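Quick caveat, the model's predicted, so the values are computed rather than measured.
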Amino acid sequence: MGIPATGSAASRWRAIALAASALALWALLAGCARTPPEQRLRESLAALQTAMEARDLEGLHATLAEDFVGPEGMDRNGARGLAMLSFRRYRDVGVTLGPAQIAIQGDRATVRFSAALSGGAGKVLPDAAQVYEVETGWRETEGEWRMTSAEWTPKL
């Protein structure tokens, strides 16, 4: 027959077991709570779309990586300048994205989609519209996806 546990020793063991169980549950929930990489990437793409429609240069600039490269060697500041010209020309900017095809390889991703862009002076119909096939490159740093490259080709 073993040594009977005293009330205080048994209480301590129960408290330790309870604390260990709570810690394990917390770790499990914390692991589940982390947003999956593809969802975070889709959120970054949506933030880019929102920034363009809101004519938000800072929001647009924030989604681009420092080393962003666009068509014909366009850099991050060049992309911002192109957006600024469009925002000055058109009071209303519309951006409609088609379904995104996402391929993630570690901390890098490629996203392909179609984009319908329109701009106008606030009338019922836009003054200009074009559909593009777009391929973008992305890099994840510290849980944030930033666009590193973009190429687009007019579809119509």
Side-chain angles (χ1 to χ4, degrees), residues 17-156:
L18 182 61
S21 297
L23 183 59
L25 180 60
W26 177 81
L28 179 65
L29 291 175
C32 293
R34 182 171 164 88
T35 306
E38 183 173 331
Q39 183 178 341
R40 288 193 315 276
L41 180 53
R42 287 184 185 279
E43 289 168 359
S44 293
L45 188 59
L48 176 64
Q49 178 181 5
T50 299
M52 290 177 66
E53 289 180 330
R55 301 165 34 107
D56 176 9
L57 285 173
E58 294 308 314
L60 171 77
H61 203 242
T63 63
L64 303 179
E66 293 287 331
D67 59 346
F68 172 83
V69 177
E72 300 177 20
M74 176 190 304
D75 64 5
R76 186 178 189 213
N77 289 328
R80 180 186 170 118
L82 178 61
M84 187 177 355
L85 288 173
S86 296
F87 297 163
R88 284 184 179 161
R89 183 171 182 187
Y90 301 112
R91 187 180 95 184
D92 292 332
V93 176
V95 180
T96 303
L97 302 182
Q101 299 171 342
I102 297 176
I104 298 177
Q105 308 88 25
D107 67 344
R108 304 263 179 184
T110 301
V111 182
R112 292 178 180 88
F113 54 91
S114 59
L117 304 178
S118 61
K123 299 174 188 165
V124 175
L125 295 175
D127 297 327
Q130 180 60 268
V131 177
Y132 297 91
E133 283 299 321
V134 183
E135 181 174 324
T136 57
W138 297 76
R139 179 177 55 238
E140 183 181 32
T141 306
E142 299 176 7
E144 296 289 328
W145 286 99
R146 299 286 183 251
M147 187 185 297
T148 57
S149 64
E151 292 289 332
W152 54 87
T153 306
K155 220 175 151 178
L156 300 176

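- Summarising the geometry of A128 relative to Y90, their closest heavy-atom pair is CB-OH, 3.3 Å, with the distance given to 0.1 Å.
- Residue A83 comes nearest to L60 through the heavy atom pair CB-CD2, 3.2 Å, listed as atom of the first residue, atom of the second, then distance.
- Applying the salt bridge (charged side-chain N to carboxylate O under 4.0 Å, His left out) rule to pairs touching residues 47-62 yields E58-R80, sequence neighbours excluded.
- The salt bridge (charged side-chain N to carboxylate O under 4.0 Å, His left out) analysis of residues 147-156, with sequence neighbours excluded, yields the pairs E133-K155.
- The two atoms that bring A51 and G59 nearest to each other are CB-C, 3.7 Å, heavy atoms only.
- Nearest heavy-atom pair across V134 and A115 is CG2-CB, 4.1 Å.
- With rounding to the nearest 0.5 Å, the separation of CZ in R42 from CH2 in W145 is 12.0 Å.
- One distance of note links OG of S86 with CE of M84; it measures 10.5 Å at 0.5 Å rounding.
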Identify every side-chain donor-acceptor pair in residues 98-107 under 3.5 Å, counting partners at least two apart or on other chains, and give the distances.
residue, atom, partner, partner atom, Å
Q105, NE2, A103, O, 3.2

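- With Q49 contributing its side chain and V95 its backbone, the two residues share a donor-acceptor pair below 3.5 Å.
- Annotation: the span from L97 atom CG to L117 atom CG amounts to 8.0 Å, rounded to 0.5 Å.
- Taking all atoms of both residues into account, the shortest heavy-atom contact from M74 to W152 is CE-CH2, 4.2 Å.
- For the pair P71 and A150, the tightest heavy-atom approach, listed with the atom from each and the gap, is CD-O, 3.3 Å.
- Pairs passing the side chain to side chain donor-acceptor pair (under 3.5 Å) check and including a residue from residues 110-121, sequence neighbours excluded, read R112-E135.
- Annotation: salt bridge (charged side-chain N to carboxylate O under 4.0 Å, His left out) contacts of R91 (sequence neighbours excluded): none.
- Note: L64 CG to R146 CZ = 9.0 Å, rounded to the nearest 0.5 Å.
- The salt bridge (charged side-chain N to carboxylate O under 4.0 Å, His left out) pairs that include a residue from residues 67-79 are E66-R76, D67-R139, where partners are two or more places apart or lie in different chains.
- Summarising the geometry, atom OG1 belonging to T148 is positioned 6.0 Å from atom CZ belonging to R108; distances are rounded to the nearest 0.5 Å.
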